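Worksheet: one structure, shown below.
Values reported hereafter were calculated over all heavy atoms of this structure, with side chains retained and with hydrogens, waters and symmetry mates removed. Computed from a predicted structure; not experimentally measured.
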Amino acid sequence: MIRFVQETIRLGLRSLMLHKLRSLLTALGIIIGVAAVTGIAAYGEGARQAVAREIQALGANNIILRSTSPEASGSVQEDDNSVVAYGLTATDVERLSSGTVGQLAAVVPLRRVGDRVSRSDRTAPAAQVFGTTPDLLKAAKLQLARGRYLTDEDDRRISLNAVVGSEIARRLFPLADPLGASIRIDGNTFRVVGVLQEIGLAGGAGSALVGRDLNFDVHIPLATANSSFSDIRLGERGRPERVEVSELIVQTPEDADVLATAARVRRLIVAERSEPLDVTFIVPLELLRQEERAQQIFIGLIVVIAGLSLLVGGIGIMNIMLATVTERTREIGIRRALGATRGHIIAQFLVETVVLAGLGGAVGVGVGALGLVVMTQLAQRFDTLEAPAFSEPYTLAAFVTALLAGVIFGLYPAIKAANQDPIAALRHD
């Protein structure tokens with residue numbers, strides 16, 4: 001039996017090698033289909049992992065609430081210059097901290113204050129100053145590059161200490177050490193006690209979710225923000241507005257609690273407000289799952305399209321094998337006359353189609369892997385591109401599908417060859 005299999009494979013390979021160009025062209029559809037599935041699935045997997053990393057960096061067990069100006073909904077008239085009060089309040093923070101929605105790991109408020117951050121003759125455009133608590137460091141998964149973060153003692157003493165983002169430090173202190181230096185925030189002088197590490201979310205999907213580039217943040221004690229800065233500041237359109245809490249990070253003890261807690265938080269906040277709602281909810285874990293579903297749909301559609309190439313490749317295999325049956329009719333007659341059974345003839349032709357499809361699939365995987373190398377190099381050169389990640393399940397599925405295409409589309413020509421009349425086959429020219 002083993003010798004029969006070996007001989008059948010040898011004959012199949014020799015027959016394919018007699019027509020190298022034809023065999024290559026026949027397998028081209030298989031090669032393109034497998035390569036397309038490999039490359040596209042890798043790109044989708046890379047994008048999914050990148051989004052997952054960015055959302056995890058925001059904190060998978062976090063719920064982010066942000067005060068939203070009614071100007072965004074058009075509910076404020078153009079000629080209305082009165083003070084507009086909206087968004088989250090200290091009462092909301094107290095209700096959430098009291099355990100109304102269940103046990104929480106942390107409730108971290110942020111209050112947006114000063115707009116102008118400067119040092120000597122240097123200013124930091126796009127700077128954003130927030131009064132907050134020491135819990136923000138852990139809740140927002142921030143890392144310190146140098147110095148220290150805000151402490152409870154800073155809050156109790158209403159200290160004029162500040163922690164600056166990496167971009168603020170770079171722009172205000174290009175050639176100097178920021179630690180211990182002074183900066184001015186809307187006329188108030190603060191001492192820099194810490195510098196945050198650069199956050200990779202800047203400019204990426206995570207930054208878009210947060211709504212700002214975290215590298216431009218300046219953090220000061222919440223008590224200092226409340227005592228040193230006015231409750232009223234100018235909004236985006238120059239209108240005076242009052243916002244008690246600009247942003248609120250609610251952290252749950254476990255990832256599994258996030259979605260249920262987020263639903264309770266929504267109900268609590270929405271119940272106290274009328275339309276239009278002046279609070280926006282961001283749940284990173286929820287967004288991650290939505291992104292995963294979207295990626296699965298995207299990859300599924302692309303794989304279906306790439307699968308059409310495998311279908312075309314299979315049809316090409318059937319077409320060539322039918323022509324091969326006609327060309328080798330006399331050979332089939334001789335083999336039958338020498339004692340070959342119909343099963344032997346079917347096995348010979350099936351081996352040829354499976355080998356053809358298998359080699360095409362292997363080459364397709366190789367081409368797809370080469371494409372991954374190129375895509376990875378491009379991603380490293382251009383930061384706007386996501387690096388692909390090899391997807392073993394989709395690649396294996398594409399290769400197995402190629403083999404199945406060889407069997408399915410090669411079966412009919414093989415049966416047709418085996419069913420030929422041996423006498424008529426011997427008389428064929």
Side-chain angles (χ1 to χ4, degrees), residues 29-64 66 200-201 203-211 252 255-263 266 280-315 357 360-361 364-380 382-405 408:
I30 298 292
I31 294 173
I32 293 174
V34 173
V37 172
T38 301
I40 293 170
Y43 178 78
E45 178 65 16
R48 187 196 67 79
Q49 291 182 9
V51 172
R53 286 193 301 269
E54 291 175 338
I55 292 178
Q56 288 290 343
L58 295 178
N61 60 336
N62 284 347
I63 303 163
I64 302 172
R66 182 174 299 118
L201 296 177
S207 181
L209 294 176
V210 173
T252 61
D255 293 356
D257 304 329
V258 173
L259 299 181
T261 302
R266 278 194 180 99
T280 301
F281 299 87
I282 300 174
V283 185
L285 183 61
E286 196 174 70
L287 294 172
L288 174 60
R289 293 187 177 178
Q290 291 175 359
E291 183 64 27
E292 287 178 339
R293 286 193 294 269
Q295 286 291 341
Q296 289 172 355
I297 294 173
F298 168 76
I299 293 177
L301 290 174
I302 296 301
V303 167
V304 168
I305 294 172
L308 294 176
S309 294
L310 294 175
L311 177 63
V312 172
I315 294 173
V365 172
V367 172
L370 181 61
L372 296 188
V373 174
V374 174
M375 291 165 66
T376 301
Q377 294 296 326
L378 290 175
Q380 292 175 351
F382 304 101
D383 292 336
T384 55
L385 299 177
E386 299 293 351
F390 188 74
S391 177
E392 293 88 350
Y394 282 104
T395 301
L396 179 61
F399 183 76
V400 171
T401 302
L403 292 179
L404 290 175
I408 294 171

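A distance of 11.5 Å separates CD1 in Ile64 from OG1 in Thr280, rounded to the nearest 0.5 Å. Met375 contributes atom CE, which lies 11.5 Å from atom CG of Leu370 (distance to the nearest 0.5 angstrom). In this structure, the separation between CG on Leu259 and CD1 on Ile63 is 8.5 Å, given to the nearest 0.5 Å.
Contact record, Ala42 with Leu372: CB-CD2, 3.0 Å, taken as the closest heavy-atom pair. Here the closest heavy-atom approach between residue Gly360 and residue Ile31 is recorded as O-CG1, 3.3 Å. Residues Gly364 and Val34 come closest through the heavy atom pair C-CG1, 3.8 Å. Closest approach of Gly361 and Ile30 over heavy atoms only: N-CG2, 3.5 Å. The two residues Ala357 and Ala402 make their nearest non-hydrogen contact at CB-O, 3.2 Å.
The backbone N or O of Thr252 lies less than 3.5 Å from no partner atom in the side chain of Asp257, so there is not a single donor-acceptor pair. A distance-only check finds no donor-acceptor pair linking the side chain of Thr38 to the backbone of Val365 [under 3.5 Å].
At least one side-chain heavy atom of Val283 sits less than 4.5 Å from a side-chain heavy atom of Arg266.
With sequence neighbours left out, Ile315 forms a side-chain contact (heavy atoms from CB on, under 4.5 Å) with Leu311, Phe409. Under the side-chain contact (heavy atoms from CB on, under 4.5 Å) criterion, Thr401 pairs with Leu310, not counting sequence neighbours.
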